[in-house]
> 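Dropping the structure in here first, questions after.
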Amino acid sequence: GRDHLRIFDKLVLGAYNDICIKYPGKFEITFVGVHPDIDNFYDRSSVKYVEAMPYDEYLHFMNTHDFDVGIAPLESNEFTARKYFVKYIEYAKYAIAGIYSNTMPYTFAVNDGVNGTLVDSSCRDWFNAFEKCILDREYINNIIKISQIDLLNNYSLKSVSEKLLVQIPELHCNPTNIYKVKYKRPYIKETYAKFKSICHKLSFHYKEDGFSYFFTYLIRKYHEQLSR
């Protein structure tokens with residue numbers, strides 16, 4: 001939206017114009033759903049704009065266009081730090097080498113120069129990242145390869161499901177019916193639930209029957225425990 005365009009103009013536009021001046025015809029940029037002001041660009045012919053589209057059409061669009069590099073500029077503040085690095089997932093999925101702002105959340109997923117490029121918030125840093133991609137095709141290919149391996153190992157449905165089963169052992173498939181999920185309540189939670197249930201029952205009968213029932217109930221439960 002408008003905020004994305006503002007961030008692009010602030011962090012990236014100057015570097016993009018400089019790269020077009022130094023390497024004419026080597027770079028094109030495509031905006032999807034965000035309409036830039038063409039007059040701000042040095043090489044207007046290098047700017048492509050695609051209208052916003054439904055998500056299923058967007059997936060098809062990304063799958064049928066061979067983009068080499070994707071950018072993800074982001075301001076650094078408390079709000080953006082709580083975002084998810086979905087652009088990294090998307091670029092890795094479509095074999096695109098990503099250039100990301102050197103801030104959270106991208107620093108959680110991207111190892112600079114390995115599975116992506118992290119860039120500080122200066123025009124010179126973004127220019128250097130663009131120039132690296134123009135001059136070193138092997139660098140791009142390696143980033144794409146490693147990011148896709150990382151995507152498969154850490155963000156695929158299979159890998160995430162396996163991690164969830166390790167981190168939340170209460171989630172297990174019932175062997176008698178693989179379509180039902182068996183939840184094993186931890187002992188502490190189960191004890192607390194029973195205690196809470198007893199308290200509610202005692203409170204109810206105390207209000208309805210008075211102290212005599214409350215006292216009789218406690219004596220009966222005490223004898224039941226002794227007889228076990």
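Nothing here was measured: the structure is a model prediction, and the numbers come from that model. All residue numbers refer to positions in the sequence shown, counting from 1.
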> Using a 4.5 Å cut-off between side-chain heavy atoms of Ile, Leu, Val, Met, Phe, Trp and Tyr, which other residues end up in the same hydrophobic cluster as Phe79?
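Reading the cluster by chain and number, Phe79 sits alone, since nothing else belongs.
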
> Flag yes if Leu152 and Ile89 sit in one hydrophobic cluster, no otherwise; membership is Ile, Leu, Val, Met, Phe, Trp, Tyr, and two members link when side-chain heavy atoms are under 4.5 Å apart.
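Cluster IDs for Leu152 and Ile89 differ.
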
> Check whether Ile134 and Ile29 end up in the same hydrophobic cluster, where Ile, Leu, Val, Met, Phe, Trp and Tyr are linked by side-chain heavy atoms less than 4.5 Å apart.
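Yes, Ile134 and Ile29 fall within the same hydrophobic cluster.
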
> To the nearest 0.5 Å, tell me how far Asn115 CG sits from Lys145 NZ.
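Atom-to-atom, Asn115:CG and Lys145:NZ are 14.0 Å apart.
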
> Quick check for you: to the nearest 0.5 Å, what is the distance between Asn17 atom CG and Lys22 atom NZ?
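The CG atom of Asn17 sits 15.0 Å away from the NZ atom of Lys22.
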
> Could you tabulate the donor-acceptor pairs under 3.5 Å formed by side-chain atoms of residues 46-56, not counting sequence neighbours?
from	atom 1	to	atom 2	distance (Å)
Ser46	OG	Tyr16	OH	2.7
Ser46	OG	Asp43	O	2.7
Lys48	NZ	Ser45	O	3.4
Tyr49	OH	Glu51	OE1	3.1

> In the single-linkage hydrophobic clustering (I, L, V, M, F, W, Y; side-chain heavy atoms under 4.5 Å), do Tyr91 and Tyr94 co-cluster?
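Tyr91 clusters together with Tyr94.
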
> Please, which pairs that meet ring pair (Phe, Tyr, Trp, His ring centres under 6.0 Å) have at least one residue in residues 107-132, sequence neighbours excluded?
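Residue pairs with at least one partner in residues 107-132: Phe27-Phe130.
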
> When rounded to the nearest 0.5 angstrom, what distance separates CG in Asn153 from NZ in Lys158?
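Asn153 atom CG to Lys158 atom NZ measures 9.5 Å (nearest 0.5 Å).
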
> Can you confirm whether His60 is buried at NE2, in the sense that more than 12 heavy atoms of other residues, nucleotides or ligands lie under 6.0 Å from that atom?
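Open: at most 12 neighbouring heavy atoms sit under 6.0 Å from NE2 of His60.
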
> Kindly give the heavy-atom pair with the smallest separation between Lys87 and Ala72, and that separation in Å.
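Shortest heavy-atom contact: CB-CB, 4.1 Å.
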
> Assigning hydrophobic clusters by single linkage (Ile, Leu, Val, Met, Phe, Trp, Tyr; side-chain heavy-atom cutoff under 4.5 Å), is Leu74 placed with Ile99?
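No, separate clusters.
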
> Return the CG to CG distance between Asn154 and Asp150, rounded to the nearest 0.5 Å.
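The CG atom of Asn154 sits 4.5 Å away from the CG atom of Asp150.
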
> Indicate yes or no: does Arg82 engage Glu78 in a salt bridge with an N to O separation below 4.0 Å.
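No, Arg82 and Glu78 are not salt-bridged.
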
> Check whether the ring centres of Phe31 and His35 lie less than 6.0 Å apart, and answer yes or no.
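Ring centres of His35 and Phe31 not closer than 6.0 Å.
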
> Establish, from distance only, whether the side-chain atoms of Tyr42 and Asp18 form a donor-acceptor pair under 3.5 Å.
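There is no such pair (donor and acceptor under 3.5 Å, judged by atom type) between the side chains of Tyr42 and Asp18.
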
> Would you sort out whether Glu75 and Arg6 count as a salt bridge (Lys or Arg N to Asp or Glu O under 4.0 Å), showing the intermediate values?
CA-CA 10 Å; Glu75 291 180 314; Arg6 178 185 62 80; 2.9 Å; yes

> For Tyr106 together with Tyr84, are the ring centres under 6.0 Å from each other?
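Between Tyr84 and Tyr106, the centre distance exceeds or equals 6.0 Å.
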
> If you measure from CZ on Phe8 to CG on Leu11, what distance do you get to the nearest 0.5 Å?
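Result: 10.0 Å between the selected atoms.
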
> State, with a plain yes or no, whether a side-chain heavy atom of Thr107 is found less than 4.5 Å away from one of Leu118.
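In contact.
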
> Whether the Ser122 and Asp125 side chains hold a donor-acceptor pair (N or O, under 3.5 Å, no angle test) is what I'd like checked.
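Judged by distance alone, the side chains do pair up.
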
> Hey, mind stepping through Tyr100 and Thr117 against side chain to side chain contact (heavy atoms under 4.5 Å, CB included) and telling me if it holds?
CA-CA 6 Å; Tyr100 312 89; Thr117 303; 5.9 Å; no

> Determine, stepwise, if the pair Asn102 / Asp112 fulfils side chain to side chain contact (heavy atoms under 4.5 Å, CB included).
CA-CA 9 Å; Asn102 187 18; Asp112 184 35; over 6 Å; no

> Could you see if Phe85 belongs to whatever hydrophobic cluster contains Leu157? Use Ile, Leu, Val, Met, Phe, Trp, Tyr and a side-chain cutoff under 4.5 Å.
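Each belongs to a different hydrophobic cluster.
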
> Below 4.5 Å, heavy atoms only, C-beta onward: do Ser101 and Val119 meet side chain to side chain?
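Ser101 does not reach Val119 side chain to side chain.
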
> How many angstroms lie between atom SG of Cys133 and atom CG of Asn128, to the nearest 0.5 angstrom?
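Answer rounded to 0.5 Å: 11.0 Å.
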
> Under 3.5 Å, is there a donor-acceptor pair between the Glu90 and Tyr58 side chains?
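Tyr58 and Glu90 do have a side-chain donor-acceptor pair below 3.5 Å.
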
> Are Ile19 and Glu131 packed together at the side-chain level, in the sense that at least one heavy-atom pair is separated by less than 4.5 angstrom?
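Side-chain contact under 4.5 Å: yes.
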
> How far apart are the closest heavy atoms of Gly98 and Ile143, and which atoms are they?
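Scanning both residues, the minimum pair turns out to be N-CG2, 4.4 Å.
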
> Does the ring of Tyr139 carry Lys132 above it, NZ/CZ under 6.0 angstrom from centre and within 45° of its axis?
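Checked: cation-pi criterion met.
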
> Got a salt bridge between Arg137 and Asp68, using NZ or NE/NH1/NH2 to carboxylate O under 4.0 Å?
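Looking at Arg137 and Asp68, the cut-off is met.
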
> With a sphere of 6.0 Å drawn around CD of Glu138, does it hold more than 12 non-hydrogen atoms of other residues, nucleotides or ligands?
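Not more than 12 within 6.0 Å, no.
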
> Can you name the nearest heavy-atom pair linking Cys123 to Gly14, along with the distance?
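Scanning both residues, the minimum pair turns out to be SG-C, 3.5 Å.
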
